[in-house]
Amino acid sequence: MMNWRRYATIYAALWRNSVVREMSFKGNFILWVFVEFLWFGLQLSFIGVIYLHTDRINDWTKWEVVLLIGASHFIQQIFQAFFLTNCTQLSELIRTGKLDFMLLLPVNTRFLVSLRQVDLGGFVNGSSAIAVMIYALKQLHITPSFGQVAGFLALCLSGILIHYSLMLLLSSASFWTVRAQGIVWGYYNLFNIARMPDSAFQGLFRAFFTFAIPMLLVSNVPAKLLLRHLQSPLEIVLLIGMSLVCFALSEFGWRFALRRYTSASS
Amino acid sequence: MRKYWHVINIGIQNTLVYRTNFLFRATFSLVPLLATIFLWSTIYRSKGSGDVGGYTLSGMISYYLLVTIVDALTAVTDDDWQIANDIREGTISQFLLKPIDFLFYRFCLFGANRLIYVAVAVIPVGIFIYFWRENFVFPATAQLFGWFLLSIVLTGLLQFFMSYTMALLAFWLLEVSTFIFIVFAFEYVAGGHLFPLNILPPAFAAILNYTPFPYLLFFPVSIYLGQLSHDEIMRGLLIQTLWTVFFYGLARFTWSRGIRKYSAVGG
């Protein structure tokens, strides 16, 4: 119990630091929010263009896909708010040897490495994603029940856990390669798949991105819960199960990678 | 001139260090490409009729394959970040003292970078294209291929001059990455990365043709695919040349302005 309180206090201090840091670069903060907003708009415009030429992608209609993209953006932004910068900075910590200081502190190193900074812009962009989802639901004449919304949020958490676990695993590769800017870029490519309707894919591709790298579950399952499109509760079980598997794997990978750490220039 | 050969040589050696990075980059980028191809296949299947804005499914796939090739040949990957970093950290000072033209110097490095990237990417992209070879088309005439090569050279120049100008904003701003991302976002859609521009409503596509964006990717691809008449190619090449010259001038102008502002931080 004491332990939880201690971590909560530490995390609160990290939050305070992040807010101060972000607010000292206000202009930059606003610009980044704008950049993310622009990308979100562009993804939606792609859907707009596609649906100029067709009225469905397999069983997905236009506003259903808009909802899916909203959900995907929401999950991605909340993930970004808590974890993304921290994961990408890992390679820098390793390269410069700053990880030494984190290993010396009397807290769980993974906790510190993963949650050091909060990216507040993620919350702003997350809310624009919520607005788009609400609009899409209006267009579809769906009023989700309280249970559905709660379930949606819980599934989003699983999705975020998957993103985080995979990203940490990828970043841990920098214990071997040191210069790993390509990693973030590679992960952005995977994000691209998370926002596509699952039934657009079949066969090996779909199996791979469901069971190996569960990108097609992350936002599809929560969105389908809202749309009442779930074929069976098994899809929910699968998402939650995969998120736990990913988390366990990332813990294993992290510990394995940390053993490789030799520090730098000291 | 000989000193620039040395620059290219050094650039090649420096870039070779990142060959694994390039290999990852090239391979990773095939994943969303594959997803896009599958997505379009499903769209064509759900639609029943075989035509989207004049593209058959096979035409659509060859479009994306060509986009991948032109992108590998001409895209600026890291150069703009490096230039902005040099300015921010003051390491650019050394170039002011040397009898070297910074724009040309960076252009040589860009060329070296592309050379290595293409050499590395040719393996995964080649395998990928071989896998989709039934959809891969060759240009109808040798003449068409010639125009395509010419416009690719212009595309490379335009890509470089635009990125170079953006990076020089670092003389005034602490953080240029947001601006680079904003331009990239426009390029991504209006350049034809995401979808071929001629499936847009015609009026909209016509307006886009006067912006620099289609000339960063879409224009050479549409020459190759034989979508343009001879007159359209000539007009396009003219506009592309004008934009290239414009951004070259802008790059020179920004540099001469920026250098006056430059305070050699840390130097």
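FYI, side chains are in, hydrogens and waters are out, and symmetry mates aren't considered; it's all heavy atoms of this structure. Below, chains carry the letters A, B, ... as their sequence lines are ordered, and counting in each starts from 1. Computed from a predicted model, the values in this text were never measured in an experiment.
- The candidate with the highest count of non-hydrogen atom pairs below 4.5 Å against chain A, out of B:L173, B:L39, B:L200, is B:L39.
- No other option in A:T54, A:D55, A:L52 has as many heavy-atom pairs under 4.5 Å with chain B as A:T54.
- A:D59 contributes atom CG, which lies 10.5 Å from atom OG1 of B:T42 (distance to the nearest 0.5 angstrom).
- Proximity to chain B is limited to the side chain of A:F205, based on heavy atoms less than 4.5 angstrom apart.
- Atom CZ of A:F37 has 12 or fewer heavy atoms from other residues, nucleotides or ligands within 6.0 Å.
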Query - Worked verdict on A:L42 versus B:F186 for side-chain contact (heavy atoms from CB on, under 4.5 Å) - result: CA-CA 9 Å; A:L42 293 176; B:F186 278 106; 5.8 Å; no
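- Among A:L190, A:I193, A:L31, the residue making the largest number of heavy-atom pairs under 4.5 Å with chain B is A:L31.
- The contact between B:F179 and chain A is made entirely by side chain atoms (from C-beta outward), counting heavy-atom distances below 4.5 Å.
- Here B:R45 contributes atom CZ and A:R56 contributes atom CZ; the two are 14.5 Å apart, rounded to the nearest 0.5 Å.
- Residue B:F24: no heavy atom, backbone or side chain, is found under 4.5 Å from chain A.
- For A:F209, the part lying under 4.5 angstrom from a heavy atom of chain B is the side chain only.
- Aromatic rings of A:W39 and B:F181 (six-membered ring for Trp) have centroids beyond the 6.0 Å cut-off, not under it.
- We find the CG-CD1 distance between B:L194 and A:I50 to be 8.0 Å, quoted to the nearest 0.5 Å.
- Between B:W40 atom CH2 and A:H53 atom NE2 the span is 6.5 Å, to the nearest 0.5 Å.
- Note that the CD1 atom of B:I43 and the CH2 atom of A:W60 stand 13.5 Å from one another [nearest 0.5 Å].
- Interatomic distance, B:T36 OG1 to A:N192 CG, rounded to the nearest 0.5 Å: 7.5 Å.
- At least one side-chain heavy atom of B:S177 sits less than 4.5 Å from a side-chain heavy atom of A:W32.
- With a 4.5 Å cut-off on non-hydrogen atoms, B:Y188 touches chain A through its side chain but not through its backbone.
- A pairwise comparison of heavy atoms in A:L38 and B:A185 identifies CD2-CB, 3.7 Å as the closest pair.
- Heavy-atom contacts from other residues, nucleotides or ligands closer than 6.0 Å to CZ of A:R21 number more than 12.
- Side-chain atoms of B:T178 and A:F34, non-hydrogen and from C-beta on, never get closer than 4.5 Å to each other.
- Only the side chain of A:Q202 comes within less than 4.5 Å of a heavy atom in chain B; its backbone stays farther off.
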